[in-house]
Asks: 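For reference, the structure I am asking about is given below.
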Amino acid sequence: MIKIRDDVRNIAIIAHVDHGKTTLVDSLLKQSGIFRENQMVEDRVMDSGDIEKERGITILAKNTAVYYEDTKINIIDTPGHADFGGEVERVLNMVDGVVVLVDAFEGPMPQTKFVLKNALDLKLPAIVCINKVDRPEARPNEVIDEMLDLFIELGADDEQLDCPFVFTSAKNGTASLDMEKQGNDMKALFETILEFITAPRGDVDAPLQVLISTIDYNDYIGRIGIGRVERGRIKVGDEVIVVNKSKPERKEITKVVKLYEFEGLERVEVERAEIGSIIAIAGIEDINIGDTICLKDYPEPLPFVKISEPTITMTFSVNDSPLAGREGKFVTSRQLRNRLYKELQTDVSLRVEDTDSPDTFKVSGRGELHLSVLIETMRREGYEFQVSKPQVLYRIIEGKKYEPMEITTVDVAEEFVGVVIEKLGQRKGQLLNMTESKGYVRLVFRIPSRGLIGYRQEFLTDTKGNGILNTVFDDYAPYQGDIPRRNYGSIIAYEAGIATTYGLHAAQERGALFISPGEEVYEGMVIGRNPKGLDLEINVTRKKHQTNIRAAGSDEALRLSPAINMSLEEALEFIEDDELIEVTPSKFRIRKKILETSKRYKSKKNR
């Protein structure tokens with residue numbers, strides 16, 4: 001029997017980074033009555049991870065649900081950064097429509113195009129939400145035209161083109177269908193969702209099918225599969241079989257131990273669920289993303305969305321520096337390998353491969369941020385290891401070398417346009433478009449992914465911290481030629497020991513330093529950068545010899561410039577092919593792959 005679930009709507013909120021998705025979900029949660037009147041609720045409540053809170057970005061797609069009148073609205077808050085596009089691609093399977101959020105000033109950005117294309121390909125209806133309409137520089141009329149142009153460019157059909165526009169201020173919790181008037185609450189958005197997003201429908205009496213799109217973990221009940229009931233009914237105690245379209249040999253019979261549905265920020269235990277419900281299933285030990293749960297006698301797997309391939313790779317290896325094992329809790333190759341392969345179970349965009357060395361693993365992801373978040377997460381869990389400089393993944397097509405290309409959008413003040421075009425031109429960037437709006441110039445480039453490695457910090461310096469740079473993967477193109485390496489050289493510690501003020505004072509005349517007096521160093525450790533582009537070895541552990549001679553002013557305290565405290569992303573951008581980053585729970589150190597000075601010189605001569 002075909003049933004239409006009028007009491008349910010399933011939506012995903014998709015947008016470019018920083019356009020206000022998580023803040024919008026906050027407003028929907030608060031106005032749906034999920035929280036008590038006197039309950040303390042923090043901002044961006046859906047960004048629950050420490051790294052998400054610190055960086056102000058969504059990394060993992062998350063489920064929540066609100067009630068409006070008698071209808072339950074399941075909402076999936078998705079990441080906005082291109083590096084986490086895999087999260088968006090897979091969760092769109094669970095929904096019947098999307099709310100596309102666009103900044104009323106910035107308009108559609110690269111990631112807006114990427115996520116909207118995925119939604120349109122799945123024939124999902126879209127509601128366009130023009131957010132931040134209360135910004136003084138907002139330009140909603142132009143943004144509407146830009147969005148309609150984007151729909152046409154992406155091949156939207158007539159039904160998708162006839163989408164409603166809602167004007168919101170997520171921060172103030174208001175929505176309106178009239179851009180000239182701000183509403184008093186989010187009622188206009190709630191009603192638009194009920195009217196334009198189709199209710200789930202399907203055969204409630206047909207054999208069960210649940211497609212798993214997300215995996216979670218609980219210390220008490222183990223792995224939890226999150227997915228949508230595509231067909232039939234499911235209840236606690238059912239004997240089911242787990243099958244996978246891409247792995248036909250996989251057939252695992254098990255029992256449903258616990259079932260949950262989402263309400264607000266909680267998972268509520270239920271006894272049964274039917275078509276259209278987004279559920280969490282516990283008790284299936286080896287459940288993975290892409291699996292289909294069926295009744296034991298009807299194993300019919302559903303196809304899973306194809307996830308875009310990684311474009312950046314780097315090596316993770318056991319820390320073998322002289323200071324290894326002092327700060328980390330997990331330091332062996334077995335522990336490192338297990339942790340990396342465990343990450344594959346929840347991150348569909350990641351690839352991990354063994355190498356010829358048992359202590360080294362090749363890890364590939366969607367971008368520098370994607371991999372740096374993994375490194376930061378492992379570091380906080382107590383892992384100690386080393387990582388190499390990120391490299392792009394090339395392809396050989398018809399005997400020719402192809403490389404990944406990115407569409408890069410840069411928003412800068414007019415005075416910085418020249419330097420940005422010059423620097424990106426040197427990195428093989430092609431200027432595709434240039435527009436001016438309210439004092440800012442938007443530049444759109446097509447540039448090789450390797451041209452952006454190491455550029456972000458330089459970009460912030462060139463634009464005095466005022467520029468905004470966004471990228472999204474475009475396609476593979478023929479190799480674009482050599483790109484100049486970094487302008488800096490490394491200042492390298494020549495001897496092991498404790499860095500002294502006297503030694504560092506002599507070193508700082510050669511460049512900027514990364515360490516302070518009292519820090520332990522070892523031979524081959526990079527302790528600063530030299531602006532002349534050459535590597536220099538310096539002994540920073542030497543002490544001033546004591547004599548009986550005293551002269552006026554000679555014993556005044558030596559003054560050192562503050563050490564540069566690099567973030568992980570800055571360190572990844574700085575290092576060269578012959579360098580590594582030593583990652584420990586308490587700090588990052590940059591080092592040469594070959595620590596001994598004599599061996600390093602010999603290896604350079606033999607090249």
Side-chain angles (χ1 to χ4, degrees), residues 2-6 8-16 19 21 24 61 71 73-76 78 80 82 85-104 107-131 140-168 175 177 179 188-203 211 213 228 230-231 275-276 278 302-308 407 433 472-475:
I2 300 296
K3 182 175 181 180
I4 298 173
R5 292 283 308 274
D6 270 330
V8 173
R9 296 292 187 278
N10 297 320
I11 63 164
I13 299 186
I14 59 176
H16 185 81
H19 280 200
K21 295 178 306 304
L24 185 77
T71 305
I73 303 174
N74 286 307
I75 302 170
I76 303 177
T78 64
E87 290 283 313
V88 183
E89 289 172 318
R90 62 187 169 86
V91 299
L92 289 180
N93 274 322
M94 289 198 278
V95 299
D96 298 298
V98 294
V99 175
V100 187
L101 209 66
V102 192
D103 189 297
M109 297 289 280
Q111 184 69 356
T112 315
K113 181 177 180 179
F114 172 77
V115 292
L116 182 58
K117 183 179 188 306
N118 286 326
L120 295 179
D121 289 348
L122 291 168
K123 302 296 180 190
L124 296 173
I127 295 168
V128 179
C129 201
I130 311 290
N131 193 31
N141 278 313
E142 294 97 313
V143 172
I144 290 172
D145 293 339
E146 289 168 12
M147 281 303 296
L148 290 172
D149 289 343
L150 182 59
F151 271 89
I152 294 166
E153 182 189 333
L154 296 175
D157 58 33
D158 291 344
E159 199 172 322
Q160 289 168 327
L161 268 173
D162 192 23
C163 59
F165 285 82
V166 182
F167 304 91
T168 62
L177 298 177
M179 74 174 77
L189 180 56
F190 277 124
E191 293 189 345
T192 306
I193 290 169
L194 296 193
E195 184 179 349
F196 285 92
I197 302 300
T198 52
R201 57 181 295 157
D203 193 342
L211 181 62
S213 298
R228 167 177 155 143
E230 302 287 346
R231 195 174 74 184
I275 57 120
I278 293 178
L302 289 162
F304 191 62
V305 64
K306 187 179 184 300
I307 303 296
S308 303
I407 296 295
N433 194 16
V472 68
F473 173 72
D474 182 36
D475 203 354

Asks: Side chain of Arg228, backbone of Asn93: donor and acceptor closer than 3.5 Å?
Replies: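 No, Arg228 side chain to Asn93 backbone: no donor-acceptor pair under 3.5 Å.
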Asks: What closest approach, in Å, do Leu124 and Gly97 show between heavy atoms, and which atom pair accounts for it?
Replies: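 Answer, listing the atom of Leu124 first, then Gly97: CD2-N, 4.0 Å.
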Asks: Nearest heavy-atom pair of Ala199 and Asp6: which atoms, and what distance?
Replies: CB-OD1, 3.8 Å
Asks: Do you know the tightest heavy-atom contact between Val98 and Ala119?
Replies: CG2-CB, 3.9 Å
Asks: Please round to the nearest 0.5 Å and tell me the distance separating atom CG of Asn118 and atom CD1 of Ile14.
Replies: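 Answer for the CG-CD1 pair, Asn118 versus Ile14, is 8.0 Å.
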Asks: Which pair of non-hydrogen atoms, one from Ala175 and one from Ala188, has the smallest distance, and what is that distance?
Replies: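 Heavy-atom minimum between the residues: O-CB, 3.7 Å.
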Asks: Which is it for Thr71 and Phe190 under the side-chain contact (heavy atoms from CB on, under 4.5 Å) test, yes or no, and what are the steps along the way?
Replies: CA-CA 10 Å; Thr71 305; Phe190 277 124; over 6 Å; no
Asks: Would a 4.5 Å heavy-atom cut-off, applied to side chains only, mark Leu116 and Lys113 as touching?
Replies: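 A side-chain contact is absent here, since even the closest heavy-atom pair is not under 4.5 Å.
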Asks: So do Ile193 and Leu189 actually touch side chain to side chain, heavy atoms under 4.5 Å?
Replies: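 A side-chain contact exists here, since the closest heavy-atom pair is under 4.5 Å.
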Asks: Measure the shortest side-chain to side-chain distance between Lys123 and Asp157 over non-hydrogen atoms and say whether it is less than 4.5 angstrom.
Replies: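 Lys123 reaches Asp157 side chain to side chain.
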Asks: Phe165: which residues meet the side-chain contact (heavy atoms from CB on, under 4.5 Å) condition with it, sequence neighbours left out?
Replies: Val128, Ile130, Ile144, Met147, Leu148, Cys163, Phe167
Asks: Is there a donor-acceptor pair closer than 3.5 Å between any side-chain N or O of Arg9 and the backbone N or O of Leu194?
Replies: yes
Asks: Are any non-hydrogen side-chain atoms of Asp203 and Ile275 less than 4.5 angstrom apart?
Replies: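 No, every pair of side-chain atoms sits at 4.5 Å or beyond.
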Asks: Under 3.5 Å, side chain of Glu195 to main-chain N/O of Thr192, donor-acceptor pair present?
Replies: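 No, Glu195 side chain to Thr192 backbone: no donor-acceptor pair under 3.5 Å.
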Asks: Considering the options Val95, Leu92, Asp96, which one meets the side-chain contact (heavy atoms from CB on, under 4.5 Å) requirement together with Leu122?
Replies: Leu92
Asks: Are Leu120 and Phe151 packed together at the side-chain level, in the sense that at least one heavy-atom pair is separated by less than 4.5 angstrom?
Replies: yes
Asks: Enter the distance from Met109:CE to Glu146:CD here, rounded to the nearest 0.5 Å.
Replies: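 Here the interatomic distance stands at 10.5 Å.
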Asks: At their closest point, which heavy atom of Val99 faces which heavy atom of Cys129, and how far apart are they?
Replies: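 For Val99 versus Cys129, the nearest heavy atoms are CG1-CB, 3.8 Å.
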Asks: Just so I know, are the side chains of Met94 and Asn10 near enough to count as touching, which here means a heavy-atom distance under 4.5 Å?
Replies: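 With C-beta onward as the side chain, the pair stays apart.
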Asks: What distance do Ile127 atom CD1 and Leu101 atom CG have between them, rounded to the nearest 0.5 Å?
Replies: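 The CD1 atom of Ile127 sits 11.5 Å away from the CG atom of Leu101.
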Asks: Just wondering, do Val166 and Leu177 contact through their side chains at under 4.5 Å, heavy atoms?
Replies: yes
